[in-house]
Amino acid sequence: MRDIQSTVDWLLNGVDDVVSRELLEAKLERSQRTQTPLIVKLGVDPTAPDIHLGHTVVLEKLRQFQELGHQVVFLIGDMTGRIGDPTGRSETRRQLSKEDVQKFAETYVAQAGKVLDRDRLILRYNSEWLEPLRLAELIDLMSRVTLARILERDDFHDRFSQHFPIHLHELLYPLMQAYDSVALKADVELGGTDQRFNILTARQIQEAYGQEPEVGLFMPILEGTDGVRKMSKSLGNYVGVEEPPDEIFGKVMSIPDSLMVRWYQLLLGERPETIQQRLAAHENPRDIKAELARRLVSRFWGEEWGRRAQENFDRTFRAREVPDDAPLLSWRSEWAQIGAIDLVAGLPGVPSRQEARRLLTQGAVTVDGQRVSLTDTVSLQPGSWIKVGKRRFFRVQELETESR
RNA sequence: GGAUGGGUGCCCGAGUGGUUAAAGGGGGCGGUCUGUAAAAUCGCUGGCUAACGCCUACGUUGGUUCGAAUCCAACCCCAUCCA
């Protein structure tokens with residue numbers, strides 16, 4: 001059995017901050033002694049069904065807790081999510097129906113299950129206890145926190161001092177989230193650093209209700225593929241866990257080298273020193289990055305796909321050959337003799353003839369290895385391949401059986 | 001309800017009567033190069049055209065003008081302040 005100190009060291013790898021290490025040690029120690037798993041909570045808003053690598057930072061940490069035999073609880077914030085987005089700018093939030101929430105939960109678990117052990121995972125909904133909450137109870141809850149404390153929170157504070165609106169119900173958010181921890185008797189709660197305030201409030205409220213406070217573990221925000229801004233779908237610098245293997249592999253290869261150590265640490269739980277040593281030993285950074293890419297693909301798709309993604313990548317970008325899985329186009333007779341623009345404009349992913357012209361002018365198009373220019377007429381045959389830019393390939397499929 | 005400032009291309013943002021398909025930046029795409037879809041560097045980035053050129057576009061609708069993103073009117077929307 002591992003001793004508590006090294007277990008804690010291992011659990012805190014990559015963690016931005018913990019409140020508090022001593023408490024975590026104490027809880028782990030007690031858990032070991034009494035053979036009772038800790039309850040580890042992660043709150044999830046039923047709003048963003050597509051999980052990307054940024055979200056998996058927290059999931060990876062949860063996985064580590066699972067590995068130690070603790071109980072992970074996904075708390076779906078169906079109640080908090082239903083009330084509305086704090087910005088209040090976008091019109092009244094669509095009410096989420098029970099079915100919506102249900103569907104969300106399923107997709108979420110399906111995706112999160114690529115990182116976590118689904119059999120050791122409990123799903124709860126905060127409407128279970130928030131819905132029946134009566135005004136008297138709510139008042140009781142509210143009486144345990146002061147306005148000043150709530151306004152300490154960074155974003156409230158900023159908005160208030162900049163005279164941006166704060167809606168009254170938004171003040172309740174931290175309270176409700178805190179109450180969730182009371183209801184679950186959570187021992188540990190994970191969140192991004194942006195969750196700091198909410199989690200600290202939860203600890204306070206738990207104490208007010210006579211419970212031992214939870215340990216707050218704050219995970220750093222993962223930078224996106226651009227290496228600068230946080231990973232988010234709207235910034236387009238994300239890698240989704242459901243993306244095809246080649247896509248994941250390629251996107252990971254495109255991150256700046258400087259980001260590798262961090263991704264290894266946050267996404268795979270590696271020690272930063274391990275990777276730094278390899279770099280210091282002049283191992284080719286490309287290979288280290290390729291390994292990162294392969295391991296991530298493997299995590300989401302399995303070993304076999306990880307290996308294949310790597311092979312395809314090497315073939316396409318290092319040897320510049322046509323990848324195995326280039327999209328197939330069914331042969332069309334007019335392709336026997338066709339103007340370059342017509343051909344390119346008809347390919348998937350080319351939005352307009354203007355774009356086709358641009359690509360041809362810039363020398364981006366190759367047919368069977370032969371560069372094609374704007375005014376060329378090309379002749380294709382079944383088995384031909386077309387390359388557009390560095391990474392778009394198409395293979396013309398042999399004639400389908402004409403009978404169907 | 002009142003006051004003020006705004007609504008420009010995928011995003012940010014300049015532009016106050018013609019030289020504006022609209023500066024600049026970001027993003028995207030492409031060429032070269034390379035250890036990678038890294039970095040660097042050069043180019044493209046509304047649509048139609050092989051090209052000349054044509055068409056559509058600056059919140060909406062109407063107007064003034066030879067000519068409007070730019071002026072006028074009404075309307076819609078957003079932000080802040082006062083109530």
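Every chain is numbered from 1, with letters handed out A, B, ... down the list of sequences.
Straight-line distance from the CG atom of A/D314 to the C1' atom of B/U36: 10 Å, rounded to whole Å. Distance A/N237 CG to B/C10 P: 21 Å, rounded to the nearest Å. Rounded to whole Å, atom C1' of B/U36 lies 15 Å from atom CD of A/E291. Rounded to whole Å, atom C1' of B/U36 lies 10 Å from atom CG of A/D287.
Counted within 6.0 Å of CD on A/E303, heavy atoms from surrounding residues, nucleotides or ligands total 12 or fewer; the atom is thus considered open.
For the C1' atoms, the distance from B/U80 to B/U36 is 49 Å, rounded to whole Å. The P atoms of B/U61 and B/U8 are separated by 16 Å, rounded to the nearest whole Å. Nucleotides B/G28 and B/G46 are separated by 15 Å at their C1' atoms, to the nearest Å. A gap of 27 Å separates the C1' atoms of B/G24 and B/C71, to the nearest Å. Nucleotides B/C78 and B/G26 place their C1' atoms 23 Å apart, quoted to the nearest Å. Comparing B/C12 with B/C58, their C1' atoms sit 15 Å apart, to the nearest whole Å. Distance check on atom P: B/A73 versus B/G27 gives 41 Å, rounded to whole Å. The gap from the P atom of B/A68 to that of B/C76 amounts to 26 Å, rounded to the nearest Å.
Within the shown strands, B/C66 is the pairing partner of B/G18 under the Watson-Crick or G-U definition, both distances less than 3.5 Å. Remark: B/U41 base-pairs with B/G31; criterion is Watson-Crick or G-U wobble with both hydrogen-bond distances under 3.5 Å. Base pairing of B/A57 is not made with any nucleotide, judged by Watson-Crick or G-U wobble geometry with both donor-acceptor distances under 3.5 Å. Nucleotide B/A83 forms a pair with no other nucleotide shown, judged by Watson-Crick or G-U wobble geometry with both contacts under 3.5 Å.
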Restricting both atoms to N or O, compile the protein contacts to nucleotides 47-53 of chain B shorter than 3.5 Å, with distance only.
| from | atom 1 | to | atom 2 | distance (Å) |
| --- | --- | --- | --- | --- |
| B/G47 | OP1 | A/S352 | OG | 2.8 |
| B/G47 | OP2 | A/R358 | NH2 | 3.2 |
| B/C48 | OP1 | A/R353 | N | 3.0 |
| B/C48 | OP2 | A/R353 | N | 3.4 |
| B/C48 | OP2 | A/Q354 | N | 2.6 |
| B/U49 | OP1 | A/R353 | NE | 2.5 |
| B/U49 | OP1 | A/R353 | NH2 | 3.3 |
| B/U49 | OP2 | A/R353 | NE | 2.6 |
| B/U49 | OP2 | A/R357 | NH2 | 2.4 |
| B/U49 | O5' | A/R357 | NH2 | 3.1 |
| B/A50 | OP2 | A/R357 | NH2 | 3.3 |

Using a cutoff of under 3.5 Å, can you pull out all pairs of nitrogen or oxygen atoms linking the protein to nucleotides 37-42 of chain B, with atom names and distances?
| from | atom 1 | to | atom 2 | distance (Å) |
| --- | --- | --- | --- | --- |
| B/A37 | O2' | A/S254 | N | 3.4 |
| B/A37 | N6 | A/D246 | O | 3.4 |
| B/A37 | N1 | A/R391 | NH2 | 2.7 |

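Ring geometry for A/F65 versus A/H70: interplanar angle over 60°, hence perpendicular rather than tilted (30 to 60°). In this structure, A/F393 and A/W385 have tilted ring planes: the angle between them lies in the 30° to 60° band. Ring geometry, A/F313 versus A/F249: the interplanar angle falls from 30° to 60°, so the pair is classed tilted.
The phosphate of B/U36 (OP1 or OP2) has a side-chain N or O of A/R286 nearer than 4.0 angstrom. One finds no side-chain N or O of A/R371 lying less than 4.0 angstrom from the OP1 or OP2 phosphate oxygen of B/G31.
Under 3.5 Å, the side chains of A/Q66 and A/D117 contain no donor-acceptor pair of N or O atoms. For the 3.5 Å distance criterion, the side chains of A/N237 and A/T225 fail to qualify, holding no donor opposite an acceptor.
Panel note: side chain A/D78, backbone A/Y125; no donor-acceptor pair is recorded below 3.5 Å. For the pair A/D376 (side chain) and A/S373 (backbone), a donor-acceptor distance under 3.5 Å is present.
In this structure, A/K41 forms no cation-pi arrangement with A/F74, as its terminal cationic atom is not both closer than 6.0 Å to the ring centre and no more than 45° off the ring axis. Cation-pi contact between A/K289 and A/W263: absent, since separation from the ring centre below 6.0 Å together with deviation from the ring axis within 45° is not met.
Projected onto RNA chain B by closest heavy-atom contact, A/K387 and A/N284 fall at different nucleotides, the more 5' of which corresponds to A/K387.
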